[in-house]
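In this text the structure is predicted, and so the values were computed from the model without any measurement. Residue numbers begin at 1 in each chain, while the letters A, B, ... track the order of the sequences. No hydrogens, no waters, no symmetry mates; every other heavy atom, side chains included, goes into these values.
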Number of protein chains: 2
Amino acid sequence: MEQTEKTEHIIEAAIKRFAHFGVHKTTLTEIADDLGITKQALAYYFPDKQALLEAVEQKIITEFFQLVNEHATAAPNAELSLLSLLEVKKSFFDKYAMLMQQVGPEMLANFSRVAESRKKVQAAVAVHIAQVLEQGIAKGELKPMDTTEVSMVLYETMSAYEHCFVGRQAVPDPHTFSEMCIRQKAVMQLIINGLKAN
Amino acid sequence: MEQTEKTEHIIEAAIKRFAHFGVHKTTLTEIADDLGITKQALAYYFPDKQALLEAVEQKIITEFFQLVNEHATAAPNAELSLLSLLEVKKSFFDKYAMLMQQVGPEMLANFSRVAESRKKVQAAVAVHIAQVLEQGIAKGELKPMDTTEVSMVLYETMSAYEHCFVGRQAVPDPHTFSEMCIRQKAVMQLIINGLKAN
DNA sequence: TTTTGACTTTTAATTTAAAAAAGTCAATAA
DNA sequence: TTATTGACTTTTTTAAATTAAAAGTCAAAA
């Protein structure tokens, strides 16, 4: 088994633990045990926990943007494109529950590089939203607007709901969570209504 | 000095401490000291901390709705009425900083009746918003809509931002806070745009 | 190149002890 | 009877110490 393949296996094992129990609550030894190796062997591929988490996040981020782009190109208009973004987010929350929690003081202290990369993801999503808006304007679906400003507001509002309902708490209970998604969609819809050209 | 007057003095002294240092961090002895009495004397008027906090909250709630109603009747239309609601909220955050924090597990555990009354306030604000929307519809300013649903969304969105920026943390730093208010206003404006009749 | 045993350091969880605050009540004064 | 207090008990917080667990290191070996 070559190195690339091995690191992939490790990342997948890490995701299973991280997504289910949270980064904080899973030990490197547990991940190593799952793979039938020792933590020292694991350390050979990933020098420390943060390095492993970075790789995990990178994989998920790639998956996320791939899905976002697929949905965006498939969407017939800006409105449905933005709503599908919520769907994608929802599916990621379902799939990677404990990895979706917001950046808290703990992550900032222990995993500063990961916290950094989260910021980049946020910025990238905001840029994506802005592009969707611009295409909507170009097609006459939406009124002209300051797309940067509006995309910021849209992104922040979505985040605020996530932060509010899910927060940095443990396992977000399924009912509260799906309620949150419904609410999120409702605000998004109201805002989009105001953006549409008459 | 008669009883009513005395309890008023106590409430005011309590507000000063609560609003500045938070309920949790101020002791009944401190409030009593400020008034030149002992905590036992204070206990004569308010049997426990929760009773005092209830009185404090009641006073502030009354002040809040009075101001809300003044602003609402003074506002020329629904749009400005809703935006002025944000101004009123902002002024209360400025004035009663530490008393404005969201209901957390701690308040729920120690001050259950206060937590209850907070829920009623939330419901009342949502009702107020719904009324403003209905008047806007009646005057032809706004499109017909499910006012209950929309008022819920508006209220929740405002709350989500507060929760997100201010949270249940200590002193919300002034810059972050005023930034929050600007953002809040931006979302509100976007949503209102979508509610307006063409 | 990869893995491990044996190790040190750091961090997290638990316990314990001390301090502070809340709450009680009989007595006392107005 | 109303209001207040001293002296008290109970509960909650805080701080310190202990312990346990996880992270990280490295020379030796496969």
*Does any pair with a residue in residues 96-117 of chain B pass ring-ring contact (aromatic ring centres under 6.0 Å, His included), and if so which ones, sequence neighbours excluded?*
Phe92(B)-Tyr96(B)
*asked:* For nucleotides 24-30 of chain C, give me one character per nucleotide, 5' to 3': B if any protein heavy atom sits under 4.0 Å from the base, S if the only such contacts are to the sugar-phosphate, - if neither.
replied: BB-----
Within the sub-3.5 Å range, which N or O atoms of nucleotides 9-14 of chain C have a protein N or O partner, and how far apart are they?
none

*State, with a plain yes or no, whether a side-chain heavy atom of Arg118(B) is found less than 4.5 Å away from one of Met107(B).*
yes
Throw together a table of side-chain donor-acceptor distances under 3.5 angstrom for residues 127-136 of chain B, partners on residues two or more places apart or in other chains.
from, atom 1, to, atom 2, distance (Å)
Glu134(B), OE2, Thr147(B), OG1, 2.7

*Looking at residues at least two apart in the chain, or sitting in another chain, which of them share a side chain to side chain donor-acceptor pair (under 3.5 Å) with Thr62(B)?*
none
_Below 4.0 Å: OP1/OP2 of dT2(C) and any side-chain N or O of Tyr44(A)_ = yes
*Distance check: side-chain N/O of Tyr45(B) vs OP1/OP2 of dT2(D), anything under 4.0 Å?*
no
*asked:* For Thr4(A), give me all partners under side chain to side chain donor-acceptor pair (under 3.5 Å), at least two apart in sequence or on another chain.
replied: Glu2(A)
_Pairs touching residues 22-35 of chain A that satisfy side-chain hydrogen bond (donor to acceptor under 3.5 Å, both in side chains), sequence neighbours left out_ = Arg17(A)-Asp34(A), His24(A)-Glu106(A)
Please report, to 0.1 Å, the donor-acceptor pairs under 3.5 Å made by any side chain of residues 65-74 of chain B, with sequence neighbours excluded.
from, atom 1, to, atom 2, distance (Å)
Asn69(B), ND2, Phe65(B), O, 3.1
Thr73(B), OG1, Asn69(B), O, 3.0
Thr73(B), OG1, Glu70(B), O, 2.9

_Phosphate OP1/OP2 of dT1(C) contacted by Lys6(A) side-chain N/O (<4.0 Å)_ = no
*What is the distance, rounded to the nearest whole Å, between atom CG of Leu53(A) and atom P of dA23(D)?*
12 Å
*Just one of Arg113(A), Lys49(A), Lys59(A) clears the salt bridge (charged side-chain N to carboxylate O under 4.0 Å, His left out) bar with Glu54(A), so which one?*
Arg113(A)
*Quick one: Phe46(B) CZ to dT4(D) C1', roughly how many Å, whole number?*
16 Å
_Show the nearest heavy-atom pair for residues Asn77(B) and Lys139(B), with the distance to one decimal._
CA-NZ, 4.1 Å
*asked:* Do Lys89(A) and Met100(A) make a side-chain contact, defined as non-hydrogen atoms from C-beta onward lying under 4.5 Å apart?
replied: no
*In terms of side-chain geometry, is the basic nitrogen of Lys16(B) or Glu12(B) positioned less than 4.0 Å from the acidic oxygen of its partner?*
no
*asked:* Any residue in residues 27-35 of chain B with a heavy atom nearer than 4.0 angstrom to DNA chain D? Just list them by number, or reply none.
replied: none
*With sequence neighbours excluded, what pairs up with Phe93(B) under the ring pair (Phe, Tyr, Trp, His ring centres under 6.0 Å) test?*
Phe177(B)
*Using side chain to side chain contact (heavy atoms under 4.5 Å, CB included) as the criterion, list what pairs up with Gln122(A), not counting sequence neighbours.*
Tyr155(A)
*Between the axis at one end of the helix from dT1(C)-dA30(D) to dA30(C)-dT1(D) and the axis at the other (five pairs apiece), what's the angle to 10 degrees?*
30°
*Taking only the side-chain heavy atoms of Lys49(A) (C-beta and beyond), determine which of dT4(D), dT4(C), dG24(D) contains the nearest atom.*
dG24(D)
*Please state how far atom CD in Glu5(B) lies from atom P in dA3(D), giving the value in whole angstrom units.*
13 Å
*asked:* Using whole Å, what does the distance between atom P of nucleotide dT2(D) and atom CG of Leu42(B) come to?
replied: 19 Å
